[in-house]
2 protein chains.
Amino acid sequence: MFESLPDEAVPRAGLSTTAVVDAALAVIDEQGAEALTLAAVAGRTGVAPPSLYKHVAGLAELRMLVGARVMDEMTERFTAAAMGRSGDEAVAVLMRGYRDYVRDHPARYAALPPDPLHNPVMVAAGTRLLQVFLATLRGYGLTDSGAIHATRCARSIAHGFVSIEAGGGFGLPEDLDETYEQLIAMFVASLPRPVAP
Amino acid sequence: MFESLPDEAVPRAGLSTTAVVDAALAVIDEQGAEALTLAAVAGRTGVAPPSLYKHVAGLAELRMLVGARVMDEMTERFTAAAMGRSGDEAVAVLMRGYRDYVRDHPARYAALPPDPLHNPVMVAAGTRLLQVFLATLRGYGLTDSGAIHATRCARSIAHGFVSIEAGGGFGLPEDLDETYEQLIAMFVASLPRPVAP
DNA sequence: GTCACCCGGCTATTGCTCATAGCCGCAAAG
DNA sequence: CTTTGCGGCTATGAGCAATAGCCGGGTGAC
């Protein structure tokens, strides 16, 4: 008897929705986000393209599932990295973790759809990711909307730098670590001083 | 006799490379960056798709030409906006101008290729754009590499915020103007105080 | 033990895209 | 008037997503 996955039943051998997403991630890692094609995924899973439709509604849905998976990976990493830290140090660790994830998986980050809010699955994943940032900013005594603005700032800074870096958009020889640390310092300096617990 | 454009000769009536790029921009404005297709451009110019190859090497080159055109538009706007200003005010005007351009032409900005340095035409356009920022930062007494780092910071912040905003990535109701002004203030505060001329 | 059902593969087909090859006609230059 | 070449065209091929509909085998009902 097989172990029954909580995700979805495994009636026969072969594919499943999560296996298709796994294959999609492998294709993205190896050939880039642009190369994510049903034919490529089918080839990698040893199956004819139409068979994928038994597990995924189409290319658009597959991209959404991949996006949600990537955001969950980020959430997991950030949660682990920020564990046991607080204040400026936690913020800095979070920002560096963001960049590190994208350097480890540049193609996966590039595969994130630009319009994440159009799909409930991605909204859920995005909300989980948001919570990590909001939790880290707790303790700075920010008002609710103040925390939202601060989180948006952090996201803008991290996403901006990291997407330019991943695209090879920084052409000059100056050290990129230095630029990013400067951005982190700039953001941290803009926060109110943490209040005592 | 026709007026001879400096760009390229107009031997007959009809198309030219710049006319094709114009049509491409119209397609992007009306149907989004994803809809930029040779068939769409051909349809809009009243021509069969293969005819476009007489003016453009293919879809990839067309995208590059569009990207360069967009960057030049930005350069032009920023130059005009920063004219006659200096210091913190010039920096703020530049950052706001960046966001305004993208709000005026969200699809054009989204059409910018993520890897601009792979094409000499785009490198040239990017260099011109860079000069505007570097010129604005003159007067802060930054060292050469200090100016580079500061420019990268400004670009990261502006690109990050603006690309998330254009993609509809900010879901919460808090005022986006306020967030962006906060980012500008954060960046300005990180600069050394301007030195007297 | 048998049988019907359904699940998860498949082939075949359609329609869209980029891209190439090669033809043809007009218009200006001489 | 002829020549030349530019700027259109048709025809064709390859790769892709997506749909329709077939088929075989395992599972569970009886």
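These figures come from a predicted structure and were not determined experimentally. Within every chain, numbering begins at 1; the chains are lettered A, B, ... in the order of the sequence lines, protein sequences first and strands thereafter.
Among residues two or more places apart in sequence or in another chain, the side chain to side chain contact (heavy atoms under 4.5 Å, CB included) test is passed with B/D177 by B/R99, B/R103, B/D175. Residues satisfying the ring pair (Phe, Tyr, Trp, His ring centres under 6.0 Å) criterion with A/F187, sequence neighbours excluded, are absent altogether.
Under 4.0 angstrom from either OP1 or OP2 of C/dC7 there lies no side-chain N or O belonging to A/H55. Between D/dG7 and B/S51, no contact under 4.0 Å exists linking OP1 or OP2 to a side-chain N or O.
As rounded to whole Å, 16 Å separates atom C1' of C/dC16 from atom CD of B/E34. Nucleotide C/dG9 holds its P atom 9 Å from the CG atom of A/L52, rounded to whole Å.
The ring-ring contact (aromatic ring centres under 6.0 Å, His included) analysis of residues 61-89 of chain B, with sequence neighbours excluded, yields the pairs B/F78-B/Y98. Residue pairs that meet the ring-ring contact (aromatic ring centres under 6.0 Å, His included) test with at least one member in residues 124-149 of chain B, sequence neighbours left out, do not exist here. Among residue pairs with one or both ends in residues 160-179 of chain B, those qualifying as ring-ring contact (aromatic ring centres under 6.0 Å, His included) are B/F161-B/F170, B/F161-B/Y180; sequence neighbours excluded.
The aromatic ring centres of A/Y109 and A/H105 sit 6.0 Å or more apart.
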N/O contacts under 3.5 Å, protein versus nucleotides 13-17 of chain D?
| from | atom 1 | to | atom 2 | distance (Å) |
| --- | --- | --- | --- | --- |
| D/dC16 | O3' | A/T37 | OG1 | 2.6 |
| D/dA17 | OP1 | A/T37 | OG1 | 2.6 |
| D/dA17 | OP1 | A/L38 | N | 2.7 |
| D/dA17 | OP2 | A/T37 | OG1 | 3.3 |
| D/dA17 | OP2 | A/L38 | N | 3.4 |
| D/dA17 | OP2 | A/A39 | N | 3.2 |

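Nearest to the side chain of B/K54, among D/dG7, C/dG9, C/dA12, sits D/dG7.
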